[in-house]
**Q** 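Could you have a look at this structure, given as structure tokens, before my questions?
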There are 2 protein chains.
Amino acid sequence: MDRAVFRAFQILEAVSRARDPVRLSSIAADLDLQKSTVHRILQTLGTMGYVSQEAETGRYRATLKTWELGSGVLSEHPVKRAAAPFLEELHRLTGETVSVMVMAGDDVLYLDKIISPRPVRFTTRAGSRVAAPLTAGGQAMLALEPDARAILERIAERLRGERELDVELLLTALEAVRARGYATSRNNPAVVSIGGAILGQDGRAAGALSVSAPTERTDADKQTLIIESVRVTCTRMAETLGRL
Amino acid sequence: MDRAVFRAFQILEAVSRARDPVRLSSIAADLDLQKSTVHRILQTLGTMGYVSQEAETGRYRATLKTWELGSGVLSEHPVKRAAAPFLEELHRLTGETVSVMVMAGDDVLYLDKIISPRPVRFTTRAGSRVAAPLTAGGQAMLALEPDARAILERIAERLRGERELDVELLLTALEAVRARGYATSRNNPAVVSIGGAILGQDGRAAGALSVSAPTERTDADKQTLIIESVRVTCTRMAETLGRL
DNA sequence: CCCCATTGTTCCGTGTAACGGAACGTTATT
DNA sequence: AATAACGTTCCGTTACACGGAACAATGGGG
């Protein structure tokens with residue numbers, strides 16, 4: 001285990017995650033490293049082109065090379081590739097914001113989305129993570145997950161304080177989700193989300209599609225339209241994905 | 001300069017760039033490293049979650065975590081952020097495939113694009129690099145670049161053998177581009193591209209927008225429509241970008 | 001069917017380069 | 001003016017990354 005490599009990625013993660021340029025000292029403090037160590041590694045990352053330093057303040061930021069490094073990975077990802085036409089279809093059917101996501105640990109990871117042209121826009125962007133049970137797509141995937149209980153318990157522990165989750169309640173909710181084939185989320189009261197799982201060959205979820213719409217312009221008819229659109233699109237995508 | 005860190009990123013680049021999973025031995029051969037060194041670093045990258053190993057073949061591939069690492073960088077990039085509404089507008093005006101790009105070394109780096117819904121699709125994806133003078137957007141940016149000559153000479157050297165560039169001819173062409181405010185590219189005879197530079201505060205190009213359309217459905221009227229759309233959208237975006 | 005080449009992996013002695021701590025010069029803040 | 005915090009540089013010590021060789025496991029060719 002190369003310690004310097006481990007630390008270098010910790011540092012690049014810290015720099016990359018922050019939306020504003022970050023101070024060397026704060027990195028050293030956060031990661032509990034010596035300033036000189038952080039400085040040396042940042043300089044290495046700098047000569048490789050992954051970080052740059054603001055001339056005035058001395059703070060560091062990640063460059064587009066960091067983005068380039070991973071950008072090819074997504075475009076080769078089977079779920080993201082297969083999803084593209086179905087995302088477009090779902091967007092066309094509903095006219096709302098649509099997303100593809102996969103499970104990543106206990107979170108959902110948004111791979112791609114098409115944003116509604118209408119005024120209401122949402123904050124989750126491609127590349128962001130959200131605890132799975134907080135999203136409609138995540139619930140749809142958890143409903144197919146054998147050890148959903150373990151995941152829910154870990155997340156309940158993780159979110160303790162900021163958000164209380166009732167694991168038993170959620171588990172029974174997941175049974176209902178599995179029965180009817182889609183999940184809804186009212187995580188944010190101003191937004192209603194409908195998510196469906198994309199069934200993989202192993203019986204678990206290969207990913208999920210979801211539609212998010214402002215509550216105020218979503219009456220009962222619109223909601224049933226979205227639900228049916230999600231269901232048919234997910235099953236058709238699962239068929240396509242199975243044929244690869 | 002941390003040698004292990006340097007090598008780790010070399011290795012991750014090699015793994016990430018390949019579209020198929022890659023063999024440990026081929027990495028060691030390509031980078032002229034010892035197999036044991038590559039193995040140790042790959043294992044470090046594996047425990048950090050950036051690469052995974054195929055169970056059957058033993059080959060390595062980059063994971064979505066590699067993508068996550070950089071995904072936030074792009075969304076914070078000023079040109080990419082500012083471009084979003086103008087990309088949409090340009091797409092709406094022309095109905096064709098539109099792209100934003102910036103200079104990255106001697107190449108253009110595609111940041112984002114909206115793909116035409118019509119059948120013809122193109123291979124360049126967001127995150128890919130192309131030698132600047134081979135693209136309409138790149139030419140538009142080079143036209144504002146003081147040391148365009150040096151860039152052209154380096155690229156002519158780099159492409160020697162696969163593609164011959166006449167530096168003097170290109171330089172006079174760039175003057176014409178600067179005069180009329182847009183560039184065209186017939187790099188691929190089946191596709192016509194129109195690119196315009198987004199003027200930055202320093203008089204150089206902050207980035208470029210381009211429209212690519214199949215030659216067969218682009219008559220003279222359509223082409224002038226595209227040219228005007230590119231020009232007005234680029235100037236309006238430059239104004240917006242200047243106000244930040 | 002055996003052999004040889006190649007794969008990924010493991011082991012180990014050696015030497016280097018990554019490490020922590022302290023001191024440095026600058027720039028803000030009080 | 002004094003203090004604090006910043007990024008940077010220096011340096012002696014030793015942990016740990018290194019290269020080379022040997023390893024078991026596959027797979028293809030003769």
Side-chain angles (χ1 to χ4, degrees), chain A residues 1-66 69 72-73 76, chain B residues 1-66 69 72-73 76:
Chain A
M1 242 297 227
D2 302 47
R3 187 156 54 149
V5 173
F6 184 84
R7 290 174 170 179
F9 277 93
Q10 278 189 303
I11 291 172
L12 185 55
E13 285 173 20
V15 173
S16 173
R17 194 175 317 122
R19 42 174 41 82
D20 295 317
V22 63
R23 317 209 70 96
L24 184 149
S25 307
S26 69
I27 300 173
D30 290 352
L31 302 179
D32 199 32
L33 294 175
Q34 210 65 238
K35 280 198 301 177
S36 56
T37 300
V38 176
H39 180 263
R40 178 173 35 79
I41 292 177
L42 276 174
Q43 217 154 346
T44 303
L45 293 175
T47 61
M48 299 200 68
Y50 288 104
V51 301
S52 67
Q53 192 173 16
E54 283 191 327
E56 317 83 51
T57 66
R59 295 182 301 186
Y60 292 88
R61 64 168 42 163
T63 69
L64 283 177
K65 187 170 180 184
T66 306
L69 182 63
V73 178
E76 297 296 327
Chain B
M1 238 303 224
D2 302 46
R3 186 157 53 150
V5 172
F6 184 84
R7 291 174 169 182
F9 277 93
Q10 277 189 303
I11 290 172
L12 185 57
E13 284 173 19
V15 173
S16 174
R17 194 176 316 125
R19 41 173 44 81
D20 295 317
V22 62
R23 316 209 69 95
L24 183 149
S25 306
S26 71
I27 300 174
D30 290 351
L31 302 179
D32 199 33
L33 295 175
Q34 210 66 238
K35 280 199 300 177
S36 55
T37 300
V38 176
H39 181 262
R40 179 172 35 79
I41 292 178
L42 277 174
Q43 216 154 346
T44 303
L45 293 175
T47 61
M48 299 200 69
Y50 288 105
V51 299
S52 67
Q53 193 173 14
E54 283 192 327
E56 318 83 50
T57 66
R59 294 183 300 186
Y60 292 87
R61 61 160 35 121
T63 69
L64 283 176
K65 188 171 180 183
T66 306
L69 181 64
V73 177
E76 297 297 327

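In the text below, chain A, chain B and the rest are named by the order of the sequence lines, each starting its count at 1. Note that this is a predicted model, so its numbers are computed, not measured.
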**Q** Please tell me which of A:Tyr60 and A:Met1 maps to the more 5' nucleotide of DNA chain D, matching each residue to the nucleotide holding its nearest heavy atom.
**A**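 By nearest-heavy-atom nucleotide position, the 5'-most residue is A:Tyr60.
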**Q** Would a distance-only check, ignoring hydrogens and angles, find a side-chain to backbone donor-acceptor pair under 3.5 Å from B:Ser16 to A:Leu69?
**A**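 Side chain of B:Ser16 to backbone of A:Leu69, a donor-acceptor pair under 3.5 Å: yes, one is there.
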**Q** Using a 4.5 Å cut-off on heavy atoms from C-beta on, say whether the side chain of B:Arg7 contacts that of B:Gln10.
**A**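 Yes, close enough: below the 4.5 Å cut-off.
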**Q** Answer whether the closest heavy-atom distance between the side chains of B:Val38 and B:Tyr60 falls below 4.5 Å.
**A**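 With C-beta onward as the side chain, the pair stays apart.
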**Q** Give, for atom CE of B:Met1 and atom CD1 of A:Ile41, the distance between the pair rounded to the nearest 0.5 Å.
**A**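 These two atoms lie 12.5 Å from each other.
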**Q** Can you find a heavy atom in the side chain of B:Thr66 that is under 4.5 Å from one in the side chain of B:Thr63?
**A**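 Yes, at least one pair of side-chain atoms sits under 4.5 Å.
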**Q** Check the distance between D:dA17's C1' and B:Asp2's CG and give it to me in whole angstrom.
**A**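 One finds 11 Å between C1' of D:dA17 and CG of B:Asp2, rounded.
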**Q** D:dG7 P sits how many Å from A:Arg59 CZ, rounded?
**A**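 Taking atom P of D:dG7 as the reference, CZ of A:Arg59 is at 10 Å.
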**Q** Report the distance from atom CZ of A:Phe6 to atom P of D:dC16, rounded to the nearest whole Å.
**A**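 Whole-Å distance recorded here is 13 Å.
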**Q** So which of residues 19-38 of chain A are in contact with DNA chain C, with a heavy-atom cut-off of under 4.0 Å?
**A**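 Hits under 4.0 Å, by residue number: A:Gln34, A:Ser36, A:Thr37.
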**Q** Please report the closest heavy-atom contact between A:Lys65 and A:Gly49, naming both atoms and the distance.
**A**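 Smallest heavy-atom distance, with atoms named: CB-O, 3.5 Å.
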**Q** Parallel, tilted or perpendicular for A:Phe9 and B:Tyr50, by the 30°/60° rule?
**A**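 Geometry flag for B:Tyr50 against A:Phe9: tilted rings.
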**Q** Residues from residues 39-56 of chain A sitting under 4.0 Å of DNA chain C, heavy atoms only?
**A**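 Close to the strand are A:Arg40.
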**Q** Nearest whole angstrom, please: distance from the C1' of D:dC18 to the CD of B:Gln10.
**A**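 Rounded to the whole Å, the gap is 15 Å.
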**Q** Does any part of the side chain of A:Leu45, heavy atoms only, come nearer than 4.5 Å to the side chain of A:Met48, both counted from C-beta?
**A**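 A side-chain contact under 4.5 Å is absent here.
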**Q** Would you say A:Arg7 places a side-chain N or O within less than 4.0 Å of OP1 or OP2 belonging to D:dA17?
**A**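 Indeed not, no polar side-chain atom of A:Arg7 lies that close.
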